[in-house]
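Working notes for the structure below.
Nothing fancy with the numbering, it's 1 onward along the sequence. Values below: all heavy atoms of this structure, side chains included; hydrogens, waters and symmetry mates excluded.
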Amino acid sequence: MKKFILILSLLLSFSAFSQDLTVVHFNYKWNSTNAYKGLDRLRNVKVQYAYVEDQSETIQNSIKSVPTIVIYMDGRPKARFEAGLQMRITTKLEDLQELVTKLKDQ
């Protein structure tokens with residue numbers, strides 16, 4: 001039931017903010033120490049956090065490394081950032097903001 005509610009809320013948020021950008025940070029609970037820090041400082045974008053183990057099998061199979069950040073526009077993925085072997089995303093927050101601003105201006 002918990003998974004269903006989480007998936008439903010994600011889907012509803014995508015449709016409710018279909019004209020806006022959404023950044024989703026996927027991670028496993030056991031890897032929370034490697035979570036990407038500072039996403040809440042991004043401007044002009046909705047930020048959501050999701051644990052992979054709470055997602056549908058389809059989403060779980062699409063996440064190959066954690067953490068993973070996906071930027072959605074109109075409910076479709078526009079950019080994806082994945083951790084490497086060190087299990088951390090090395091992309092700078094400023095680069096994420098630049099991409100968000102560029103997508104917003106399209």
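Taking the six-membered ring for Trp and the full ring otherwise, the centers of His25 and Tyr36 sit at least 6.0 Å from each other.
Glu57 CD: 12 or fewer foreign heavy atoms inside a 6.0 Å radius. No more than 12 heavy atoms of other residues, nucleotides or ligands lie within 6.0 Å of NZ in Lys92, so this atom counts as exposed by the packing criterion.
Every salt bridge (Lys or Arg N to Asp or Glu O under 4.0 Å) that Arg80 has, sequence neighbours left out, goes to Glu82.
Between the OG1 atom in Thr68 and the OH atom in Tyr28 there is a gap of 9.5 Å [rounded to 0.5 Å]. Atom-to-atom distance recorded for Ile71:CD1 and Leu21:CG is 7.5 Å, nearest 0.5 angstrom. Atom OH of residue Tyr72 and atom NZ of residue Lys46 lie 14.0 Å apart, to the nearest 0.5 angstrom. For the atom pair OG1 of Thr91 and CD1 of Ile69, the computed distance is 7.0 Å after rounding to the nearest 0.5 Å.
When all heavy atoms of Ala50 and Val24 are compared, the pair lying nearest together is CB-CG1, 4.3 Å. Across Met73 and Lys78, no two heavy atoms sit closer than the pair CB-CG, 3.6 Å. In terms of heavy atoms, Arg41 sits closest to Leu93 at NH2-CD2, 3.0 Å. Here the closest non-hydrogen pair linking Ser65 and Ala83 is OG-O, 3.0 Å.
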Assess the residue pair Val23 and Gln48 against the criterion (side-chain contact (heavy atoms from CB on, under 4.5 Å)); give the C-alpha distance rounded to whole Å, side-chain angles, the decisive distance to 0.1 Å, and a yes or no. CA-CA 6 Å; Val23 172; Gln48 295 181 336; over 6 Å; no

Is there a side-chain contact (heavy atoms from CB on, under 4.5 Å) between Val45 and Leu42? Walk through the geometry before answering. CA-CA 7 Å; Val45 66; Leu42 291 175; 3.5 Å; yes

Verdict with reasoning, Phe81 to Val70, per side-chain contact (heavy atoms from CB on, under 4.5 Å): CA-CA 6 Å; Phe81 302 89; Val70 182; over 6 Å; no

I'd like to know whether Thr101 forms a side chain to side chain donor-acceptor pair (under 3.5 Å) with Gln97, so could you lay out the CA-CA distance, the side-chain angles of the two residues, the decisive distance to 0.1 Å, and finally the verdict. CA-CA 6 Å; Thr101 302; Gln97 183 62 63; 3.2 Å; yes

Between Asp40 and Tyr49, is the side chain to side chain donor-acceptor pair (under 3.5 Å) condition met? List the steps. CA-CA 10 Å; Asp40 294 332; Tyr49 297 87; 3.2 Å; yes

Run Leu39 and Leu96 through side-chain contact (heavy atoms from CB on, under 4.5 Å) and show every step you take. CA-CA 9 Å; Leu39 285 179; Leu96 288 173; 3.9 Å; yes

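Checked by atom type and distance alone, the side chain of Asn31 never pairs as donor or acceptor with a backbone atom of Ala35 at under 3.5 Å. Lys64 contributes a side-chain N or O that, together with a main-chain N or O of Asn61, makes up a donor-acceptor pair within less than 3.5 Å.
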